[in-house]
There are 2 protein chains.
Amino acid sequence: MKKYIPLLKNTLLFSGVGEDEISAMLSCLQARSGTYGKGEYVLRQGEHIGDIMVLVSGKLHVQCDDYWGNRSIISVIGVGEMFGESYAAPESGAVVNDVLAVEESVVMFFDIKRIITVCSSACRFHSLVVQNLFYALSEHNRKLIQKLGFMSRRTTREKLIAYLSEEAKRHNSSEFTIPFNRQQLADYLSVDRSAMSGELCRMRDDGMVEFERSRFRLL
Amino acid sequence: MKKYIPLLKNTLLFSGVGEDEISAMLSCLQARSGTYGKGEYVLRQGEHIGDIMVLVSGKLHVQCDDYWGNRSIISVIGVGEMFGESYAAPESGAVVNDVLAVEESVVMFFDIKRIITVCSSACRFHSLVVQNLFYALSEHNRKLIQKLGFMSRRTTREKLIAYLSEEAKRHNSSEFTIPFNRQQLADYLSVDRSAMSGELCRMRDDGMVEFERSRFRLL
DNA sequence: ATAAGTCTGTTGTATTTGCAACGATAGCGA
DNA sequence: TCGCTATCGTTGCAAATACAACAGACTTAT
């Protein structure tokens, strides 16, 4: 497990913690690791977990099958990313998605109770990890709230208005560059690309906005 | 501030902590309180905060104005509810919504740093509060993820399928009662009530589902 | 029992969307 | 330069949606 310490050093969870301290904390936190072959499930829908997980090798898919069997891929987890933090609390209830290894993968497990309850030996950086965990969760939370704000609008135009307003706020300017191309923006807002493209042009004709590729200006 | 201790005892943040311990922690956490008259802002969009807040009296609205001035009410905060936990971390960035007192209100402030970094005097229940905070955040997170899963579907039928599938999972049964009437469900899924009502009936005609008021059975 | 109010389903219409296809443009490497 | 690809706008059409209006079933207050 030691060989993954340099990698862990650069994760959000261990941000600001040195390699020596991480090494000490691995035993303090009683970290475990597991290997999953391609096609194996790391987590299954309905399962209850008590660990926060970090992928240290390979690639995972978060996916969901509905009652009638339609599958959709929610997100992709890459090396160094943390997952499970929203479902590790005791009363969390079951995980709602499957997590599948799409290639040979290694996952590290950290018991959430050992992270949250400060150890008696009081390793210096323990509280830093608790902070990091809190920060990661609250950041995740903010992004979800923001996205919900866009998606709760009824029409494509309203979604665009909400999104562009937010970007203008964020940049403190009515002129800004967004981090998406048209297809990505459409996926982000859950609308059809061509319909969105058309709506953008109509908004331009209505004198609400000017744009050039990913650069926008609100009027 | 002492008079609010019995109320705090029943909040999510202080769950499991006795009144005496809360009393001790108020000073340990250097809790502050503030009073807001009707129409006063508790938080304004663009502001940066470093406290977690609990409403101990009155009523607040979380609301949002877009670039063109359209206002929408996001949620209502009642007595005993916690807010601000998603924006209290140092690198959180600005709050994106306004929080307004819609009647005379009293809010208690808890410095997030003092909650997260365990105090040297090590009051016994401090780590319990950290746990509660984590649990509250992760629960909030799960609900947001779930709602996003419903809202990212394109059609009303797909949203209903996603929602009803989730409820069936949660109840471990294909038959269950939902906590919404038609209008509330439509608001929750961000669709038109009558269109949703029609779609539900078409799904029934297609043999996918049976229902009677708020009681559903998937087939 | 009556009246008022709530919840739900139904219908019709104008609007919006999803989808597929096509053309224009720009960037890039052979 | 030529072809290849990615991106973006545009169009036509079928499908889905929002919106308004209304009717029946049921609940509640008087």
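Lettering follows sequence order; numbering is per chain, from 1.
- Atoms CG (A/Leu200) and P (C/dT16) sit 15 Å apart, rounded to a whole Å.
- Close to D/dA16, at under 4.0 Å from its OP1 or OP2, lies no side-chain N or O of B/Arg157.
- A straight line from CD of A/Gln183 to P of D/dC8 spans 9 Å, rounded to a whole angstrom.
- One atom, CZ of B/Arg182, and another, P of D/dA25, lie 17 Å apart when rounded to the nearest Å.
- A distance-only check finds no donor-acceptor pair linking the side chain of A/Arg44 to the backbone of A/Leu100 [under 3.5 Å].
- The overall bend of the helix from C/dA1-D/dT30 to C/dA30-D/dT1, read as the angle between its terminal helix axes built from five base pairs each, is 40° when rounded to 10 degrees.
- Comparing D/dT7, C/dG9, D/dG9 by their nearest atom to the side chain of A/Arg213 picks out D/dT7.
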Look for any protein N or O under 3.5 Å of an N or O in nucleotides 18-20 of chain C and output each such pair with its distance, or none.
unit_1, atom_1, unit_2, atom_2, d
C/dG18, OP2, A/Asp192, N, 3.0
C/dC19, N4, A/Ser194, OG, 3.3
C/dA20, N6, A/Ser194, OG, 3.4

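- Counting only distance, with no hydrogens or angles, the side chain of B/Ser105 and the backbone of B/Ala101 share no donor-acceptor pair below 3.5 Å.
- Using a 4.0 Å heavy-atom distance criterion, B/Phe180 is classed as making no nucleic acid contact.
- Here B/Glu47 pairs with nothing under the salt bridge (Lys or Arg N to Asp or Glu O under 4.0 Å) rule; sequence neighbours left out.
- A straight line from CD of A/Glu212 to P of C/dT25 spans 14 Å, rounded to a whole angstrom.
- One atom, CG of A/Leu160, and another, C1' of C/dT16, lie 13 Å apart when rounded to the nearest Å.
- Listed nucleotides C/dT17, C/dT10, D/dT10 differ in distance to A/Cys201; the shortest reach to its side chain belongs to D/dT10.
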